[in-house]
Trainee: 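Submitted below is the structure of interest, expressed as structure tokens.
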Amino acid sequence: MGQVTLQPDYTDVASEENHLLDKLRNEFEGRPDDLIPMLQYVQKTLGYLPEGILLEISRLTSLPAARVFGVVTFYAQFRLKPIGKYTVKLCRGTACHVNASAQILEDVCSYLNVEPGETTKDGLFTLEIVACFGSCALAPVVVIDESVYGLMNSSKTRKLLDGLRKEQREETSQHP
Amino acid sequence: MDFASIKAGADRKWAELMNLSEPLIHIGMGTCGRAAGAEDVFAAVKHALKNTNLPARILRVGCIGMCYLEPMIAVRKPGRPFIYYGNLTPDKTEDLLVSYLLNNDPKPQSAICTLGEGSTNGNGSIDGIPRFSDLPMIKPQVRIALRNCGLIDPEDIDHYIARGGYSGLRKALELPPDDIIREIKESGLRGRGGAGFPTGAKWEFARKAAGRVKYIICNADEGDPGAFMDRSLLEGDPHAVLEGMVIGAYAIGAHEGYIYARAEYPLAIQRLRIALEQMRAYGLLGDNILGSAFHFNIHIKEGAGAFVCGEETALMASIEGARGMPRSRPPFPAQVGLRGKPTNINNVETFGNVSAILERGAKWYSSFGTEKSRGTKTFSLAGKVKRTGLIEVPMGIKLREIINDIGGGIPGGRQFKGVQTGGPSGGCIPASLLDLPVDYESLAKAGSIMGSGGMVVMDEGTCMVDMARYFLTFTQSESCGKCIPCRLGTRQMLDVVEDICKGNGKPEDLKLLADVSETVQKASLCGLGQTAPNPVQTTLRYFGDEYESHILEKRCAAGVCKALFHYEIDSGRCTGCMVCARKCPVGAITGEKKQLHIIDQKKCTKCRTCYDACKFGAVGICTEGMKIENGDAHN
């Protein structure tokens with residue numbers, strides 16, 4: 001327990017990832033139906049799925065790397081790139097659409113200068129769109145990390161983002 | 001522990017809660033409540049109690065269904081009914097609590113309704129406040145699946161048991177499985193996931209299938225955009241669903257079950273985990289359930305964001321750790337399902353009804369609804385309607401009653417245009433069909449489907465061609481790509497509709513759309529493709545004139561398709577107040593104080609900010625050579 005045997009290719013993997021590999025070995029049996037829970041576990045910890053870990057998961061589950069990659073790219077939840085400090089998710093459900101969520105999306109894209117799925121240059125925000133959060137009675141809905149904001153519009157969304165930016169600036173000025 | 005002593009303990013706990021000597025405060029803490037600010041209200045309640053030094057019990061409950069009033073609290077003083085207050089802010093919450101608890105003034109003008117009897121005046125009413133059951137939103141409703149939502153602490157199994165929970169399971173375990181299947185058949189219950197297959201018959205197939213290992217799955221992959229019934233039920237009363245699942249497992253002979261839940265519903269998943277632990281502690285799950293020879297376990301599988309996984313064969317592939325791609329049927333899951341074993345899959349709400357049917361009997365259940373569609377159906381009412389929320393109505397109710405009576409009609413004095421049922425698999429139903437009864441057959445005849453229960457109301461500001469584009473964008477991106485009709489057909493339909501929205505449509509496009517729709521419908525492998533054309537077909541059928549005005553006149557009367565309209569300021573109405581110019585995010589509006597303002601069409605992004613901001617209704621939507629509509633004058 002606790003012993004890490006790194007493959008030669010993975011020597012550059014950071015220690016957080018080593019710890020994670022340990023967990024994957026110890027807490028999952030490595031059956032094929034563990035694949036999605038393993039990927040979810042990694043993403044929850046690191047925010048994305050690094051290639052080295054995907055290869056390790058392929059080894060642990062005895063599934064071909066192509067199959068692992070196929071599953072990763074099939075499901076909308078999985079990301080292959082690191083994310084920003086905050087994840088901004090815009091709901092594009094029907095009720096939100098009827099309440100002009102397309103306009104919010106357009107405005108946020110131009111405000112942050114990113115497309116859905118991308119992260120801002122400063123690494124602060126990752127913008128994502130979600131099919132539906134199921135908070136339709138409060139449409140349109142914006143979710144930042146785990147916090148849900150209802151009855152949104154473009155200017156309210158900007159204000160939220162500005163607030164987080166300000167918070168970040170204050171943090172960095174306090175701990176340079 | 002035997003059920004009688006569990007029940008006795010739960011009853012005691014519930015009675016103690018009902019007869020508290022201190023005030024009881026319910027706070028709606030479902031996802032909707034939280035999105036509206038319930039966390040801040042919760043903090044305000046605690047703050048108010050601390051400041052006034054008053055003792056009170058606080059209970060976090062699920063969604064009572066009046067989502068448009070969130071965040072809500074309900075306050076009950078000893079011997080009196082609950083009083084509900086809504087649209088709260090922290091300040092308002094503290095005000096109301098101090099007023100009622102300290103000064104005994106319930107502020108009836110701020111209250112929504114009362115609920116429960118209360119012992120002081122016997123009839124459960126407080127002067128000036130309507131009763132819950134008399135509210136126009138609640139009166140037409142019958143709450144069976146949602147029987148406990150908003151009324152109990154979903155994280156306390158004793159509350160569920162005290163209100164009749166697990167009595168159905170106890171009854172079931174004393175019956176031969178065939179009797180349970182007969183009971184479900186007699187109740188007339190049909191699948192609430194949308195397709196409406198009779199549940200009893202489905203269970204019988206799985207029961208009769210050969211093999212010792214069988215599985216039961218609860219489909220909680222509520223993927224339809226615009227639907228949140230299953231989320232609310234899982235958040236507000238998870239045991240109702242889990243009990244139904246155990247009953248189903250016993251009936252078909254399964255010893256292992258899975259709940260496949262959307263990853264977008266973290267609170268529902270958390271509540272399920274808590275509920276499963278409590279079940280194990282009470283011997284309602286595991287070996288020898290309630291002292292019987294029956295053993296059963298439930299695992300939670302989190303989805304990973306793929307709409308197609310709501311389809312049963314795709315869902316099973318996903319549980320097995322593969323891409324969620326459907327396969328052709330037969331063989332049906334009842335013969336060859338998860339890991340090749342006989343498997344029964346039901347939706348969340350179906351299981352929520354099963355536990356009620358076993359508790360109260362098939363005869364009682366089948367007294368609601370219509371001849372072919374028995375019982376009730378939950379809907380999430382959203383979109384352009386005054387009272388949005390989670391509702392449960394007897395089958396056969398008219399759409400008009402849902403939209404006008406329960407939903408309170410369209411806000412802002414605008415005109416009703418249509419209602420969308422069944423999500424991307426359903427259709428848009430026009431005003432002329434408002435008297436349509438809501439049952440499986442009638443909705444199908446109108447070209448839509450019951451679906452899982454999303455109901456999105458649209459007004460004159462909704463463009464129906466844009467709705468078709470919206471749903472096609474969704475189905476096209478969610479198509480798994482396995483079969484060609486769906487993969488390419490949805491792409492082609494989307495291209496055509498996008499052209500129409502951009503003003504590049506040709507008259508022959510309508511015929512092309514109809515042809516491709518038919519092919520996709522007939523030739524696709526699974527339900528996703530087979531129903532993907534429904535939004536196109538119903539909008540063509542009922543709103544064909546909108547397609548024609550987009551194609552022939554290059555006009556989008558609703559002011560949605562950006563290429564087909566522009567905003568102009570009405571010289572007669574503009575007062576030169578400068579609000580629009582200040583709010584315009586791209587600086588497209590110019591004008592001096594008290595002078596007519598002008599929109600620079602080259603700079604304008606048509607974001608609608610000025611239209612919404614103008615208090616005088618001076619900003620109008622214009623199309624080529626025609627003015628359609630001015631904004632509302634609101635002061």
Trainee: Do A:H97 and B:P225 come within less than 4.5 Å of each other through their side chains, counting heavy atoms only?
Mentor: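 Of all side-chain heavy-atom pairs linking B:P225 with A:H97, none is under 4.5 Å.
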Trainee: For the candidates B:K562, B:E70, B:R34, B:M229, which exhibits the highest count of non-hydrogen atom pairs separated by less than 4.5 Å from chain A?
Mentor: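 With the most close heavy-atom pairs to chain A, the winner is B:K562.
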Trainee: Just how far is it from atom CD of A:Q103 to atom OG1 of B:T605, taken to the nearest 0.5 Å?
Mentor: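 Nearest 0.5 Å value for the CD-OG1 distance: 6.0 Å.
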Trainee: Can you tell me which portion of B:V457 sits under 4.5 Å from chain A's heavy atoms? Options are side chain, backbone, both or neither.
Mentor: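 Contact with chain A involves the backbone of B:V457 alone.
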Trainee: State whether the number of non-hydrogen atoms from other residues, nucleotides or ligands found under 6.0 Å of A:K81 atom NZ is greater than 12.
Mentor: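 Counting neighbours around NZ of A:K81, 12 or fewer heavy atoms of other residues, nucleotides or ligands fall under 6.0 Å, so no.
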Trainee: Quick check: do A:V98 and B:M458 have side-chain heavy atoms less than 4.5 Å from each other?
Mentor: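 They are in contact (side-chain heavy atoms under 4.5 Å apart), so the answer is yes.
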Trainee: Is the closest side-chain heavy-atom distance between B:E264 and A:K89 below 4.5 Å?
Mentor: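 No, side chains not in contact.
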Trainee: Please classify the contact between B:R339 and chain A as side chain, backbone, both or neither, with a heavy-atom cut-off of under 4.5 Å.
Mentor: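 Looking at B:R339, just its side chain touches chain A.
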Trainee: Please name the pair of heavy atoms, one in A:A95 and one in B:G383, separated by the smallest distance, quoted to 0.1 Å.
Mentor: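 Reported closest heavy-atom pair: CB-N, 4.1 Å.
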Trainee: Could you name the residues of residues 66-79 of chain A that have a heavy atom within less than 4.5 Å of a heavy atom in chain B?
Mentor: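 Counting heavy atoms that sit under 4.5 Å from chain B, the residues of residues 66-79 of chain A involved are A:R67, A:G70, A:V71, A:F74, A:Y75, A:A76, A:Q77, A:F78.
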Trainee: So what's closer than 4.5 Å to chain B heavy atoms on A:A139: side chain, backbone, both or neither?
Mentor: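 Contact with chain B involves no heavy atom of A:A139 at all.
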Trainee: Given that the side chain runs from C-beta out, which part of B:D466 has a heavy atom under 4.5 Å from chain A: side chain, backbone, both or neither?
Mentor: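 B:D466 touches chain A through backbone and side-chain heavy atoms alike.
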Trainee: What part of B:P424 gets closer than 4.5 Å to chain A, counting heavy atoms only: side chain, backbone, both or neither?
Mentor: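 Neither the backbone nor the side chain of B:P424 comes within 4.5 Å of chain A.
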Trainee: Show the nearest heavy-atom pair for residues B:Y470 and A:G93, with the distance to one decimal.
Mentor: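 Heavy atoms only, the tightest pair is OH-C, 2.7 Å.
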Trainee: Listed by residue number, which members of residues 33-43 of chain A have a heavy atom under 4.5 Å from any heavy atom of chain B?
Mentor: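 Those residues of residues 33-43 of chain A which have a heavy atom under 4.5 Å from chain B are A:D33, A:L35, A:I36, A:P37, A:Q40.
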